[in-house]
Amino acid sequence: METNAFGVTSQIYSPTIRNPLDPEEFKRQGYMMIDFLADYYRNVANYPVLSQVEPNYLRKALPQSAPFDPESIEAILQDVQQHIIPGITHWLSPNYFAYFPSSASTAGILGEMLSTGLGVNGFNWLSSPAITELESIVMDWLGQELKLPGTFLFSGNGGGVVLNTTCEAILCTLVAARDKVLSQVGNDNITKLVVYASDQTHCALQKAAQIAGIHPKNIHAIKTNKSTSFALSPESLFSTILVDIENGLIPCFLCATVGTTATTAIDPIGPLCNVAKKFGIWVHVDAAYAGSACICPEFRNSIDGIEEVDSFSFNAHKWFFTNLLCCCLWVKNPNDLTKSLSTNASYLRNKVSDSKQAIDYKDWQITLSKKFNALKLWMVLRSYGIGNLRNFLRNHVKMAKTFEGFVKMDRRFEIFVPRTFSMVCFRLKPSAIARLEHYANTTKAHQNGKLASEDFVNQVNNKLLDLINASGKVYMTHTVVGGAFVLRCAIGGTLTEEKHVNMMWETVQEKADSILGKPKIALY
Ligand SMILES: *Cc1c(COP(=O)(O)O)cnc(C)c1O
């Protein structure tokens, strides 16, 4: 190998690459990539959080076809900086408050890297025993820390599996519930099976029900309201079930949510199970975002009653410092899952599987192939320890409380529903907007007729959100609940500190000023 004037071996630029996994080249490029990412984390606060590009921006910038000759990592990284980064919405920015955060940490990234680097596939025990064994150990560890009842742990004849997303967790459990009921009532009755949830339940349930062959009319989203903070009422569930039974339908599955996506509402698991269990309904708890908080004793009561449910899932990639993708699902009775999801192809058969001495995770999930995702979860748990993980979560909640305090102090705003974890739902109050409406009505009355008050409040809040996000300084998203357009400020970025929350609040106020006019006092 020759070294050129830049100290670079000529082989790098030779058109023929013999080994795409050359250890030396891997080291050189790998360090470069780590440096690139480290610089990114150092600078990410300076980027506009919400990407400002237009659709198809990238097609215009990149060549029409793939290169025939190899290109250098340097050239590729340059294009990443120039073309990809501008099209990134910076989920890891400390100024990102949208949706729910995408959790990340050094341990999570390195765990992902290790898993990818090892290139192993864990569809059954034999295909890489450590994948299955570590996954079952980590799921027991985590289950203990969440204070899940022993019946969800392998030691208690339950067990956990690491999936990619909550959508999969819901689909797998729904299919298990469906088949359990059908085994009793006969497959012909599939059109009668009913799935229950609140109208706040994530659309993942609807998709899962569609895929599972549940009749669209039998997905019963029960109405919630503001007076009960959009939690599912056991009484409503009960009366809905009674009507369904009267109509000859068959109750099958309830998806309760702890920490709804719109407002982090908490469905009361215990009382809901009291109803559902009377009718033999499978209860799944979707705690995609809020489940993480249950490692803190002060938040554990949000899943009180969990002993009664059949399955529970949360996304470690949302608020548990574990990089995408990582959804943890526990079931009380793994047989229910494996009855529905097992396959037995001859090319996968082996003595260990046949002896039933080990878990074959392919029978617990939709896909055959399985990444070594437990590795990153294990690394997160070990690198930080439960003590630090609790501190990280508490710090996010503390910052959310601080922000909530800011909002409460400014009488133009209101907290729309009580905060439960680290997300704050807020908006400009109708009373603060009233004067604007008067103005809008007198000037626009001839064009639009009278604007409905509720519509107008929503429009102004929508405008506020647009201005906040167009600033590029912060990014948050909205929800529409009970007819109201509400701003959601989700605090949970790994890099977010108090100073970012302060800056975010300044931005919100500044944009409110620009809408309402500076003299705040005059509005009352
Ligand atoms: C985010 C979220 C989901 C969807 O999670 P995926 O992992 O993307 O499938 C489901 N339910 C709730 C309550 C969520 O917040």
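A quick note: this is a predicted structure, and the numbers were derived from the prediction, not measured.
Residues Val275 and Ile241 share a closest heavy-atom pair of CG1-CD1, 4.0 Å. Minimum interatomic distance between Gly87 and Ser51 (heavy atoms only, all atoms of both residues): CA-OG, 3.4 Å. Nearest heavy atoms, Ile34 versus Met113: CD1-SD, 4.3 Å. Closest non-hydrogen pair, Phe230 versus Asp267, comes out as O-OD1, 4.4 Å.
In this structure, the separation between OG on Ser115 and CG on Leu110 is 12.0 Å, given to the nearest 0.5 Å. Rounded to the nearest 0.5 Å, atoms CG (Leu325) and NZ (Lys318) are 11.5 Å apart. For the atom pair Leu495 CG and Asn95 CG, the distance stands at 10.0 Å (nearest 0.5 Å). A distance of 9.0 Å separates OG1 of Thr173 from CG of Asp286, quoted to the nearest 0.5 Å. Taken from CG in Leu146 to CE in Met139, the straight-line distance is 9.0 Å, to the nearest 0.5 Å. How far NZ of Lys398 is from CG of Asn391: 11.0 Å, rounded to the nearest 0.5 Å.
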Can you list the steps and then say if Lys362 with Thr343 is a side chain to side chain contact (heavy atoms under 4.5 Å, CB included)?
CA-CA 8 Å; Lys362 71 177 177 55; Thr343 50; 3.4 Å; yes

For the pair His396 and Thr496, evaluate side chain to side chain donor-acceptor pair (under 3.5 Å) and give the outcome as yes or no after the intermediate values.
CA-CA 8 Å; His396 287 151; Thr496 302; 5.7 Å; no

* Going through the checks in order, is the ring pair (Phe, Tyr, Trp, His ring centres under 6.0 Å) test met by Phe299 and Phe421? -> CA-CA 8 Å; Phe299 294 117; Phe421 301 98; 5.8 Å; yes

task: For side chain to side chain donor-acceptor pair (under 3.5 Å), just list the numbers for Asn274 and Lys277, CA-CA rounded to whole Å, side-chain angles, deciding distance to a tenth of an Å, and then say yes or no.
output: CA-CA 6 Å; Asn274 286 344; Lys277 288 300 153 191; over 6 Å; no

So Tyr289 and Phe314, ring pair (Phe, Tyr, Trp, His ring centres under 6.0 Å) or not? Walk me through it.
CA-CA 6 Å; Tyr289 150 77; Phe314 87 100; over 10 Å; no

Next on the checklist: Between His90 and Tyr40, does the ring pair (Phe, Tyr, Trp, His ring centres under 6.0 Å) criterion hold? Intermediate values first, please.
Outcome noted: CA-CA 10 Å; His90 300 281; Tyr40 175 77; 5.6 Å; yes

As a quick check of understanding, evaluate side chain to side chain contact (heavy atoms under 4.5 Å, CB included) for Trp364 and Ile359, giving each step before the final call. CA-CA 9 Å; Trp364 293 51; Ile359 302 161; 3.5 Å; yes

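For Glu54, the CD atom is loosely surrounded, since the number of other residues' heavy atoms within 6.0 Å does not exceed 12. With a 6.0 Å radius and a threshold of 12 heavy atoms from other residues, nucleotides or ligands, Lys332 has its NZ atom above the threshold. In this structure, Lys223 places its NZ atom where only 12 or fewer heavy-atom neighbours from other residues, nucleotides or ligands lie under 6.0 Å away.
A salt bridge is absent between Lys370 and Asp360; no separation between the charged side-chain nitrogens and carboxylate oxygens falls under 4.0 Å. Salt-bridge formation is not detected for the pair Lys339/Asp179: no Lys NZ or Arg NE/NH1/NH2 atom is positioned less than 4.0 Å from an Asp or Glu carboxylate oxygen.
Contact of the Leu377 side chain with the Cys328 side chain is registered, since non-hydrogen atoms from C-beta on lie closer than 4.5 Å. Side-chain contact check for Gln144 versus Leu153: some heavy-atom pair is nearer than 4.5 Å. Annotation: side chain of Tyr361 is not in contact with side chain of Ile131 (no heavy-atom distance under 4.5 Å). Within the 4.5 Å cutoff, the side chain of Leu465 has no heavy atoms near those of the Thr477 side chain. Leu193 places a side-chain heavy atom less than 4.5 Å from the side chain of Val181. You'll find the side chain of Phe426 stays beyond 4.5 Å of the side chain of Val417, heavy atoms only.
The side chain to side chain donor-acceptor pair (under 3.5 Å) check on His220 picks up Asp244, with sequence neighbours excluded. Residues that satisfy the side chain to side chain donor-acceptor pair (under 3.5 Å) test with Asn315, not counting sequence neighbours, are Thr166, His317.
Aromatic ring centres of Tyr99 and Trp91: separated by under 6.0 Å.
Residue pairs that meet the side chain to side chain donor-acceptor pair (under 3.5 Å) test with at least one member in residues 377-388, sequence neighbours left out, do not exist here.
With a 6.0 Å cutoff to the six-membered ring centre and a 45° limit on the axis angle, Arg488 counts as a cation-pi contact of Phe100. Relative to the six-membered ring of Phe238, Lys278 meets both conditions, a distance below 6.0 Å and an angle of at most 45° to the axis.
Using cut-offs of 30° and 60° for the angle between ring planes, the Phe312 and Trp330 rings count as tilted.
Using a 3.5 Å distance cut-off with no hydrogens or angles, the side chains of Gln357 and Trp125 do not pair a donor with an acceptor. Gln200 and Ser198 form no side-chain donor-acceptor contact under 3.5 Å, judged by distance and modelled atom types alone.
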